[in-house]
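Starting from 1, each residue takes its place in the sequence as its number. All values below were derived from every heavy atom in this structure, side-chain atoms included, with hydrogens, water molecules and symmetry-related copies excluded. Since the structure is predicted, the reported quantities are computational estimates derived from the model, not experimental observations.
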Amino acid sequence: MQREAFIQQLWLDYIHHQPDIGGLRLWPVTARAEYLTLLTLNHGPWAMDALLPLLAQCGYQPRHRYAMADRGLLVTLLATDDHDAPWLVLAELQLGTLQRRPRDRLRRLVDSADTSPASLPCGGRPWPMPSWDDYRTLAEAHPLAGWLAVMGTRVHHAGFDCGHLGNDIGHLDERLHQAGFAGDADRHRGVFPISPLLDYRFYATHSQRLPFADGDLHRVPLGGLALVQKQVSANQERCVELLLPHHTRCELG
């Protein structure tokens, strides 16, 4: 798949599940995201090592890797040769960090999938919808376990560099607040911790009502968007390259 078509597919799937983001008109619709956070788990064909060759076919190569044992995550930053293209932040939930009961429930659910991402690195949720009780068990064990159970491998949130949006983070934060988005400066929101080298806000989107396996409907949080801004404007790296704490960085294998 060509990179442009792949990114468009990721983006369209993202705003389909986050319609309040798709309707925002606070910056030009042509403004590109700085990064897209793609979630997966280290099991079967959805494991990072299985997805990386598929992402390479779309033009994305690993640049940096980070290990966050306290969050149960392994994160790889991927980029293309096109400097203007969004980076991918591929975050892999490590099942071994979950307690036995939720780990077994999530593994059984994923193993019941009737398809595999043979040609699509972001195939969504190919396994059945969990029951509400299973979802709550997984979400209590780890928020991303619950999210993956109902959403599958896809974009959790997009990050935007304020420098490319033409306004500083304070101004954009105020405009998002006026549009009904409550910003959170907690650097541990939005999947992974954020480096102190960036100013950061995470905006959770409104929860969506989903049908669970037992037939009832419940509202669940599905993601959001993030704003990032360099604290030192002279820095030549992109915001996404400064995104994660340096002490979590590890060597690429």
Side-chain angles (χ1 to χ4, degrees), residues 1-65 74-93 110 113-127 144 147-148 150-161 163-166 190-192 203 205 208 222-228 237-241 243 252:
M1 182 185 298
Q2 294 297 318
R3 175 182 54 77
E4 293 83 358
F6 170 60
I7 291 299
Q8 183 181 39
Q9 188 165 330
L10 280 179
W11 179 256
L12 291 176
D13 179 74
Y14 165 62
I15 61 173
H16 172 73
H17 290 91
Q18 317 281 354
D20 39 357
I21 292 177
L24 280 176
R25 293 297 181 266
L26 302 183
W27 46 74
V29 294
T30 55
R32 65 162 172 80
E34 174 72 355
Y35 63 90
L36 300 174
T37 301
L38 185 63
L39 296 189
T40 193
L41 70 166
N42 66 330
H43 186 65
W46 294 275
M48 184 182 295
D49 287 346
L51 293 181
L52 288 178
L54 301 179
L55 292 170
Q57 294 175 18
C58 301
Y60 276 91
Q61 295 292 336
R63 296 292 178 86
H64 310 294
R65 182 163 291 177
L74 186 64
V75 178
T76 298
L77 301 187
L78 300 102
T80 74
D81 293 334
D82 181 358
H83 182 74
D84 292 328
W87 284 40
L88 295 181
V89 182
L90 180 60
E92 180 190 61
L93 177 64
V110 172
D114 58 6
T115 186
S116 67
S119 60
L120 185 61
C122 56
R125 178 180 52 81
W127 44 83
L144 298 186
W147 193 93
L148 285 163
V150 299
M151 295 295 285
T153 299
R154 53 168 37 107
V155 172
H156 176 275
H157 70 272
F160 290 88
D161 178 358
H164 292 142
L165 300 182
V191 180
F192 33 68
Y203 303 84
T205 50
Q208 301 292 321
L222 297 185
L225 68 85
L227 293 180
V228 292
E237 291 142 315
R238 284 181 53 161
C239 275
V240 64
E241 296 180 82
L243 185 67
L252 283 169

How long is the span from the CH2 atom in W87 to the OG1 atom in T80, to the nearest 0.5 Å? 9.5 Å
Heavy-atom closest pair, residues A33 and P86: O-CB, 3.2 Å
Y14 and I21 have their tightest heavy-atom pair at OH-CD1, 2.9 Å
Please give me the minimum heavy-atom distance between T76 and P62, naming the atom from each residue. CG2-CB, 3.8 Å
How close do L51 and P45 get, heavy atom to heavy atom, and via which atoms? CD2-O, 3.8 Å
Going by the angle between their ring planes, with limits at 30° and 60°, are Y60 and F6 parallel, tilted or perpendicular? perpendicular
How many angstroms lie between CE in M48 and CG in L55, if you round to the nearest 0.5 Å? 9.5 Å
For the CG atom on D84, are there more than 12 heavy atoms of other groups (residues, nucleotides or ligands in this structure) within a distance under 6.0 Å? yes
Over 60° means perpendicular and under 30° means parallel, so tell me whether W46 and W127 are parallel, tilted or perpendicular. perpendicular
State, with a plain yes or no, whether a side-chain heavy atom of E241 is found less than 4.5 Å away from one of L77. no
With no hydrogens and no angle check, is any side-chain donor or acceptor of R238 less than 3.5 Å from a backbone partner on H83? yes
Applying side-chain contact (heavy atoms from CB on, under 4.5 Å) to L39 and L93, what does each step give before you reach the verdict? CA-CA 8 Å; L39 296 189; L93 177 64; over 6 Å; no
How close do R125 and V150 get, counting heavy atoms only, and between which atoms? NE-O, 3.0 Å
Evaluation steps, side-chain contact (heavy atoms from CB on, under 4.5 Å), between L225 and L24: CA-CA 11 Å; L225 68 85; L24 280 176; 3.8 Å; yes
Would you compute the distance between atom CG of L38 and atom CG of L78 and round it to the nearest 0.5 angstrom? 9.0 Å
Donor-acceptor contact present, side-chain R154 to main-chain G124, <3.5 Å: no
Tell me, do L52 and L90 make a side-chain contact under 4.5 Å, heavy atoms counted? yes
Once you measure the plane-to-plane angle for F160 and W11, does it fall in the parallel (<30°), tilted (30-60°) or perpendicular (>60°) bin? perpendicular
Check the angle between the aromatic planes of H157 and F192 and answer parallel, tilted or perpendicular using the 30° and 60° thresholds. tilted
How long is the span from the CD1 atom in I7 to the CG atom in D82, to the nearest 0.5 Å? 10.0 Å
Output for pair (Q18 CD, D13 CG), nearest 0.5 Å, gives 9.5 Å
V191/V75 under side-chain contact (heavy atoms from CB on, under 4.5 Å): CA gap, chis, key distance, verdict: CA-CA 10 Å; V191 180; V75 178; over 6 Å; no
Looking only at atom types and distance, does a side-chain atom of E34 sit under 3.5 Å from a main-chain N or O of V240, one as donor and one as acceptor? yes
Pair H17, Q208 - check side-chain contact (heavy atoms from CB on, under 4.5 Å), show working. CA-CA 8 Å; H17 290 91; Q208 301 292 321; over 6 Å; no
Between OG1 of T205 and NE2 of H156, what distance do you get to the nearest 0.5 Å? 8.0 Å
